[in-house]
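A quick write-up on the structure given underneath.
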Protein chains: 2
Amino acid sequence: MQNSFTEENYLKIIHALSGRDGVEVSTNALAESTSTRAASVTDMLRKLAEKGLIHYKKYQGVTLTESGEKVAIKVIRKHRLWEVFLVEKLGFGWDEVHDIAEELEHIPSEVLVEKLDAFLGHPKFDPHGDPIPDAKGNLTEPDYLILTDVQVSEKVLMMGVLDHAPSFLQHLDRSGITLGAVIEVKEINEYDKSASVQINGGPTLFISLEVSKNLLVQRR
Amino acid sequence: MQNSFTEENYLKIIHALSGRDGVEVSTNALAESTSTRAASVTDMLRKLAEKGLIHYKKYQGVTLTESGEKVAIKVIRKHRLWEVFLVEKLGFGWDEVHDIAEELEHIPSEVLVEKLDAFLGHPKFDPHGDPIPDAKGNLTEPDYLILTDVQVSEKVLMMGVLDHAPSFLQHLDRSGITLGAVIEVKEINEYDKSASVQINGGPTLFISLEVSKNLLVQRR
DNA sequence: ATATATTTTTAGGTTAGTCTAAATTTTTTA
DNA sequence: TAAAAAATTTAGACTAACCTAAAAATATAT
């Protein structure tokens with residue numbers, strides 16, 4: 001049977017909060033992420049459990065079942081493909097696409113997704129550097145480092161962001177930090193852990209710890 | 001304020017049933033078109049009237065107000081633009097896009113629609129020959145003829161269809177009747193009004209009155 | 001180990017959109 | 001034009017997804 005818009009959202013959020021190791025997600029965390037109250041979450045959890053989409057024992061938190069995981073990954077695939085479409089084809093900025101993709105991700109039709117994927121040239125990553133699951137549902141999170149783990153004088157490639165907030169992305173735009181940029185860590189300030197970094201061998205700028213924590217990079 | 005998915009559908013359907021001259025639409029007709037019961041329609045009509053989207057007096061049928069008309073036309077614009085996208089960019093057949101566009105038409109975001117329109121090159125017609133309202137909401141239904149109004153030995157251009165049912169469109173595909181085709185009426189059978197027509201100066205085929213009634217054409 | 005704090009669930013209610021059955025209004029027909 | 005038929009509305013109920021307030025379970029702290 002079909003899952004509702006709301007059910008799909010819960011599954012997607014459980015997937016995100018559950019992380020790679022599939023740790024239990026608490027009712028309160030879900031209430032926070034869905035902008036609802038804990039009591040509402042409990043109702044939905046009972047329903048998702050009845051449908052076999054989550055493992056749920058009262059007071060113990062939830063994890064996705066295999067079938068719930070499948071649904072979640074399909075939604076994520078759709079979300080990320082639509083984001084690529086919005087940025088690559090329609091010319092949106094990477095800071096503008098999240099909310100629209102939140103809607104598009106729930107449009108049903110397997111064939112639509114597959115045709116969209118083909119039209120976009122089977123992209124492997126979305127505009128924020130997040131990997132796009134393939135049609136079979138294989139999702140391999142590449143193991144990027146966080147910029148805070150990079151030593152002084154190392155050169156790394158900018159591969160993605162952890163925070164997707166428009167304000168953060170706009171800040172990166174203004175700093176010239178885009179996907180694929182080469183970042184060389186010139187100096188790390190002991191006091192506040194802010195860093196001095198050079199972008200693409202060009203301008204050097206200061207970035208706060210808050211920013212460093214949200215940049216995913218790769219050694220070359 | 002925002003209109004719901006369901007409200008938008010009612011407005012769209014009232015627009016369609018109301019026709020160019022804005023004639024009153026009956027509760028039963030709406031129940032039929034929305035696949036709901038008359039009682040449900042009445043509830044919704046009260047709500048739409050309260051929002052100022054329709055003119056409604058009990059037992060008298062409804063018409064759209066100016067503001068209801070605006071909403072309806074926006075939905076129609078989105079529907080038709082998405083249909084163009086699905087056919088032109090994703091390679092769907094004209095018989096496959098209706099249901100998907102029914103979903104996409106309710107995705108909010110003005111800027112999405114305008115960027116989509118630009119990406120598609122500001123198309124004037126959708127894959128079924130229906131005109132696409134412009135960004136200001138101007139919708140001019142071109143006054144095509146129905147093939148039944150064409151005389152023997154006249155040559156006309158195939159411009160659109162009245163029936164959008166997949167089975168009808170597939171039938172046209174099999175007959176080689178596509179948008180833009182030149183149709184010459186060779187003969188009309190007095191008995192059942194079926195016609196013998198030549199397509200693009202090539203093969204001649206017989207079409208039933210039922211088919212003729214659903215073909216929109218233009219004199220050259 | 002018990003008292004307190006926190007988290008989660010239950011109980012009972014709300015709204016949007018639907019339903020059936022009954023009542024009412026309009027239309028048709030004789 | 002009055003009776004019958006058809007269309008429409010009202011009344012009362014349901015489900016999904018949410019809510020608040022209170023109860024119960026778990027976790028924390030002394």
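Note that the coordinates shown come from a computational prediction; the quantities given were computed from them, not determined experimentally. Residue numbers begin at 1 in each chain, while the letters A, B, ... track the order of the sequences.
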Interatomic distance, B:K57 NZ vs D:dT8 C1' [rounded to whole Å]: 16 Å
With no hydrogens and no angle check, do the side chains of A:D192 and A:S194 hold a donor and an acceptor under 3.5 Å apart? yes
Looking only at side-chain atoms of A:T42, point me to the closest of D:dC18, C:dT10, D:dT10. C:dT10
Atom CG of B:L30 and atom C1' of D:dT9 are separated, to the nearest Å, by 14 Å
It should be established whether A:K58 places a side-chain nitrogen or oxygen under 4.0 Å from OP1 or OP2 of nucleotide C:dT10. yes
Taking the minimum atom-to-atom distance to the side chain of A:N28, which one of D:dT8, C:dT7, C:dT26 wins? C:dT7
A:E141, CD atom: more than 12 neighbouring heavy atoms under 6.0 Å: yes
I need the CG-C1' distance between B:N3 and C:dA16, as an integer number of Å. 14 Å
Would one find a side-chain N or O of B:R37 under 4.0 angstrom from OP1 or OP2 of C:dT18? no
With respect to the side chain of A:Q60, which nucleotide from C:dT9, D:dT26, C:dT26 is positioned closest? D:dT26
Walking DNA chain C from its 5' end, the first of B:A39 and B:M44 to be reached, judged by nearest nucleotide, is B:M44
Side-chain N or O of B:T27 versus OP1/OP2 of D:dT9: is the shortest distance under 4.0 Å? yes
To the side chain of A:R46, which of D:dC18, C:dT18, C:dT10 is closest? C:dT10
Is there a side-chain polar atom (N or O) of B:Y59 under 4.0 Å from OP1 or OP2 of C:dA23? no
Separation of C:dT7 C1' from A:L45 CG (nearest whole Å): 13 Å
Check: B:D130/B:H164 side-chain N/O donor and acceptor closer than 3.5 Å: yes
Counting only heavy atoms and a strict 4.0 angstrom limit, can you tell me which residues of residues 6-17 of chain B come near DNA chain D? none
Mind calculating the distance between CD (B:E50) and P (C:dA16) to the nearest angstrom? 10 Å
Identify which nucleotide among D:dT9, C:dT18, C:dT7 has an atom closest to any side-chain atom of B:A38, counting heavy atoms from C-beta outward. D:dT9
Any donor-acceptor N or O pair under 3.5 Å, side chains B:H79, B:D126: no
Determine whether the aromatic ring centres of residues A:F5 and B:F5 are separated by less than 6.0 angstrom. no
Would you call A:E24 and A:K57 a salt bridge, using N to O less than 4.0 angstrom? no
Once you round it to whole Å, what is the distance between P of D:dT8 and CG of B:D43? 15 Å
Need one value for B:T36: base, sugar-phosphate or nothing, where a base atom within 4.0 Å counts as base even if backbone is also close, heavy atoms only. sugar-phosphate
Pairing of A:E8 and A:K74 as salt bridge, 4.0 angstrom limit: no
Ring pair (Phe, Tyr, Trp, His ring centres under 6.0 Å) partners of A:H15, counting only residues at least two apart: none
Atom OH of A:Y56 and atom P of D:dA25 are separated, to the nearest Å, by 13 Å
